[in-house]
Amino acid sequence: SLLQCFLPMQVTAVPELFLTAVKLSHDGTGARYLHVAREDSNNLFSVQFRTTPMDSTGVPHILEHTVLCGSQKYPCRDPFFKMLNRSLSTFMNAFTASDYTLYPFSTQNPKDFQNLLSVYLDAAFFPCLRQLDFWQEGWRLEHENPADPQTPLVFKGVVFNEMKGAFTDNERIFAQHLQNKILPDHTYGVVSGGDPLCIPDLTWEQLKQFHATHYHPSNSRFFTYGNFPLEQHLKQIHEEALIKFERIESHTDIPKQKLWEKPREHSVTCGLDSFAANPSKQTTVSVSYLLTDITDTFETFTLSLLSSLLVDGPNSPFYKALIESGVGTDFSPDVGFNGSTREAYFSVGLQGIAERDIDTVKQIIARTVDEVIAKGFEEDRIEALLHKIEIQLKHQSTSFGLALTSYIASCWNQDGDPVELLKIADKVSRFRQCLKENPTFLQEKVKTYFKDNPHRLTLSMSPEEDYHDKQAKMETEKLQKKVNALSEEEKTQIFEKGLELMALQSKPQDTSCLPALQVSDIEPKIPFTVLETTLAADEIPVQYCPQPTNGVVYFRAVSSLNTLPEELKPYVPLFCNVITKMGCGALDYREQAQKMELKTGGMSVSPHIIPDDSHLDVYEQGVLFSSLCLDRNLPDMMHLWSEIFNKYSTLGFICLDLLLFFSPRFEEEEHFRVLVKKTAQELSNGIPDCGHLYASIRASKNLTPSGELQEMFSGMDQVKLMKRIAEMSDIKPILRKLPRIKKYLLNSDNIRCSVNAAPQQITEASKEVEKFIKGIARSKKERKPVRPHVIEDPTFKPCQMKTHFVLPFPVNYVGECIRTVPYMAADYASLRILARLMTAKFLHREIREKGGAYGGGAKLSHNGIFTFYSYRDPNSLATLKTFEKAVEWAKSGEFTQQDIDEAKLAVFAAVDAPVAPSDKGMDHFLYGISDEMKQSHREQLFAVSSDNLVDVSNKYLAVGKSTRGQAVLGPENADITKDPSWVKR
């Protein structure tokens, strides 16, 4: 009978991805269905609706939040967040794109899959959409203090604050305007997430209407993935949702954009970037071209490859012409191919330029297009790109289902064929065929889509000194207009509704209607991973982990930083960033990049701080080298590493070493400057997205000896250092530090390696690793024992510190950190459960629902630091007070056994998240945590009781018990300024 409800349309095997795709259509409603069967236990479900708003009130985004606040079958408040603690899901979220809304989840447990499917179906198709939920999630007028009608009325709401935070990010502002202006005629001309100045125009009635017209099976696409049986999914989806609907005509089609007859120009403004290396060079400009309809899958595939050839890596024509011109700092936001709208577009330009250079950039772009049409591309670059696709197909990730649903969403949303998209091998061979038959195939595309294309937009963005003040002023005017229009009666209603919402948010919830797994559903034991550690060249430990890696080898190494002089340490992140990009052996940086693309899936280096599992004041500091390649290319990859390690240091290069020490080659210096400017720009651009992480790193700086290093390597200190270096007119002194750092780091004194590969590949791999080890320099004869590199600081004393980074943002990022216990301590498991419990049962309610922040919670890090945080938060000191209240709440023990069990489920969902073959054994290699230690931690987690939780709250989190630090990133704050205990940065 199921086959009568779902009509099979096609079944297609896609061998290169080890999957079979089954396309179906639901007879009664016309709902589309794609099932991807694959031997993968991490099963995924998603349902997607085409959502095409015609204004910037953020209706699809606010709807995405509100449907998850309760439904017919599950009327309790916020079943979505409640299910995070009643499930072993490996992923749960919802996304609003420009033209669709997607609801995905994944889990490895069949019962859990059915539970989550039931909650998701009911939320999407039968939500309550209560007015108070709309007010909480979308926007509302409310007194600053809801309990005091004398305080002024202000705008509040989760999405309202989320979008205010989103538009503090200049890259986001630019990308949003780019899409709005190149596709202005329909839904792409508005802000689907919501413009903070338009959000308060949305009414509750409009929200309900939008749901009725867009969230219907006739406008839906269902996707399931993994190794659970398809029949079970179809039965449940049919019975719990589809059977209750009739087919309708969904009028959500997006018409093709009318093509322009001549190019257009547009300019916008944004906020100043306080971390820009050059305050007078903060303009961004790009030229964008409208391409083809994304449902033409081969043309789209070709254009995305063409885009990579044009902008990726130091050998690409636009990198050479734009990045290396010195005119700007980095490519403009949204550079390259964008295939998320009905017609794709390509964009290229520069950020960090002077306003007077806008025309220069446009000329460079036009000239580069002409050069590409004349010269085409080197064969090796095309091969390197196709090699990259081959590696991407073979590399196995644990979230493959999620990657697939995101990959097909846009094309399927426009009625393209999702199965065609998956047949990548066919496209590669067709692409090769096209090139073979017509060597100028790609040049002709460049001519058609770039040179001769009048649908071309030049967008520029320049900062305004008072941009954020102007935004605030417009918001205040909007607020005044709303408030002035209120009658006395309406004002009274607002006050009463505010009290009602507050009461509802504080009321204990009956969640008994929601399905849940039990702690007894969790596996008591973990499977152990087979690891073998041998000594290469008789003394270097190498960990081998045989895994079904599908023809890919993963090589990693950690080298100790212990002997590195203190004054060089701040430059380690920069060293890591550039060491694989500066040339090696006989290769200059362009040849090196080419070789890496042809022979590897990437080679990267990053600072690595490893907290000890038993002592808070002991840690290991080093640098992690990571890389992957196809089996056949392992000798080439290891040779590249040897060359990087040995550059300037084998005997024949001694003179070169001295030469470099005193006078770097000019082109090397210029290239280094390009990399420095790019890095500084990326760090500055990342602050609005990672503000809570920067706050937490700063707050924990003085709590452990490794905290200071963490701040130096990845905190605001690093952002400021890179800004300073990028500002230097003479960069030689910094460049001269590199060979000095290299001398301490890139040798075999304190190094250990690891290899993950297929069992039959291990012998071959060990030969290559042995060769590599024997070929790199040693500075000492005597090798110390395997852990000489731990640092112990007996003089270290943790101390309190409060820091306020004043930034031109309208929202705050808050962090408070407390020094507790290391991983192996008996109390660690209790603190870990407590962090989850506080987040779910107290902080989520107080910080997000009542406070209006986009996010907040508590977490315990591997280094024994207990962190409270909030994200895109309208409050700062009030949030720190909430953290205090959370501790009081925990000390009072006002939670049930059910609450504790739910916290355990959520923690185990993270502990038992699937691990890819490439990452098996990594906890052991990187952090020294063995499977035995994990099993013992697991048993401690199971054993955590209510008394343990109250006990650790009193012992570590109560005020005065442990050393703590606080940090806020955000706008000027009079209360903080008045308080002498705060340091202002």
Side-chain angles (χ1 to χ4, degrees), residues 45 47 49 59-87 89 92-94 101 103-105 111-140 157-159 203-217 220 236-245 496-518 839-842 844-846 848-850 895-896 898-899 901-902 905-906:
F45 162 86
V47 62
F49 302 98
V59 57
H61 186 190
I62 293 171
L63 182 60
E64 172 230 304
H65 279 240
T66 317
V67 299
L68 299 172
C69 287
S71 61
Q72 281 176 21
K73 202 166 159 189
Y74 306 112
C76 66
R77 292 189 62 254
D78 224 351
F80 175 79
F81 279 96
K82 305 266 187 309
M83 285 306 290
L84 285 171
N85 306 298
R86 301 168 74 88
S87 141
S89 69
M92 271 177 79
N93 214 331
T101 308
Y103 295 88
F105 72 75
K111 183 172 151 197
D112 197 24
F113 193 96
Q114 289 174 26
N115 290 351
L116 288 168
L117 180 52
S118 184
V119 172
Y120 265 60
L121 289 173
D122 212 56
F125 293 104
F126 313 107
C128 298
L129 300 182
R130 294 171 283 233
Q131 186 170 23
L132 286 177
D133 292 330
F134 165 60
W135 284 5
Q136 172 185 291
E137 295 299 318
W139 76 278
R140 64 187 181 276
V158 174
V159 171
T203 66
W204 179 42
E205 293 305 330
Q206 289 167 331
L207 181 90
K208 293 189 289 186
Q209 186 52 38
F210 194 86
H211 181 271
T213 51
H214 291 76
Y215 279 49
H216 189 283
S220 71
Q236 192 176 348
I237 290 167
H238 176 66
E239 288 171 3
E240 293 187 19
L242 302 184
I243 199 168
K244 302 169 187 176
F245 290 89
E496 286 166 358
K497 282 283 189 194
L499 293 177
E500 191 187 338
L501 181 60
M502 203 162 60
L504 186 71
Q505 288 166 336
S506 305
K507 207 170 89 181
Q509 290 291 305
D510 175 16
T511 55
S512 57
C513 62
L514 286 170
L517 292 181
Q518 307 305 318
T839 301
K841 298 294 167 194
F842 189 89
H844 174 78
R845 176 181 77 219
E846 298 296 320
R848 182 173 161 128
E849 293 184 352
K850 292 186 186 174
F895 35 79
T896 62
Q898 168 78 17
D899 295 339
D901 287 350
E902 288 184 6
L905 275 169

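All values below come from the heavy atoms of this structure, side chains included, with hydrogens, waters and symmetry mates left out.
In terms of modelled atom types and a separation under 3.5 Å, the side chain of H211 and the main chain of A124 share a donor-acceptor contact. A donor-acceptor pair under 3.5 Å is formed between the side chain of Q236 and the backbone N or O of Q114. Side-chain atoms of Q509 come within 3.5 Å of backbone atoms of R77 as a donor-acceptor pair (strictly under, hydrogens ignored). Put simply, the side chain of S87 never gets that close to the backbone of L84: no donor and acceptor are under 3.5 Å apart.
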Quiz: residues 497-505 side-chain donor-acceptor pairs under 3.5 angstrom, not counting sequence neighbours:
unit_1	atom_1	unit_2	atom_2	d
Q505	NE2	Q136	OE1	3.1
Q505	NE2	E849	O	2.8

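Taken from CD in Q131 to CZ in R140, the straight-line distance is 12.5 Å, to the nearest 0.5 Å. Atom-to-atom distance recorded for S118:OG and E240:CD is 4.0 Å, nearest 0.5 angstrom. In this structure, CD1 in I243 is found 13.5 Å from CD1 in I237, a value given to the nearest 0.5 Å. Considering CZ of R130 and CH2 of W204, their distance stands at 11.0 Å, rounded to 0.5 Å. Rounding to the nearest 0.5 Å places CZ of F245 at 5.5 Å from NE2 of H216. Taking CG of L117 as the reference point, atom CG of D112 lies at 11.0 Å (rounded to 0.5 Å).
Taking F80 as the reference, nothing meets the ring pair (Phe, Tyr, Trp, His ring centres under 6.0 Å) condition, with sequence neighbours excluded. Q898 is linked by a side-chain contact (heavy atoms from CB on, under 4.5 Å) to R86, T896, E902, counting only residues two or more places apart in sequence or in another chain. Every residue two or more places apart in sequence or in another chain was checked for a salt bridge (Lys or Arg N to Asp or Glu O under 4.0 Å) with K244, and none qualifies. Considering only residues two or more places apart in sequence or on other chains, Q206 meets the side-chain contact (heavy atoms from CB on, under 4.5 Å) condition with L202, T203. Under the ring pair (Phe, Tyr, Trp, His ring centres under 6.0 Å) criterion, F105 pairs with F45, F113, Y120, not counting sequence neighbours.
Taking 4.5 Å as the limit, some side-chain heavy atom of Y74 sits within range of a side-chain heavy atom of P515. D899 is not listed as a side-chain neighbour of N85, based on a closest heavy-atom distance of 4.5 Å or more. Here the side chains of R848 and E137 are in contact, with some heavy-atom distance below 4.5 Å. At a threshold of 4.5 Å between non-hydrogen side-chain atoms, the residues F49 and Y103 count as touching. Considering only heavy atoms from C-beta on, F125 stays 4.5 Å or farther from Q72 through its side chain. Residues F134 and I62 form a side-chain contact, since some pair of their non-hydrogen atoms from C-beta on lies under 4.5 Å apart. Using a 4.5 Å cut-off on side-chain heavy atoms (C-beta onward), L905 and L517 make contact. With contacts defined as side-chain heavy-atom distances shorter than 4.5 Å, the pair N115/V119 does not qualify.
Residues R845 and S506 approach most closely at CD-CA, 4.3 Å, considering heavy atoms. A pairwise comparison of heavy atoms in P79 and L514 identifies CB-CD2, 3.6 Å as the closest pair. Taking all atoms of both residues into account, the shortest heavy-atom contact from P217 to S220 is O-OG, 2.6 Å.
Using modelled atom types and a 3.5 Å distance limit, the side chains of D133 and T66 yield no donor-acceptor pair.
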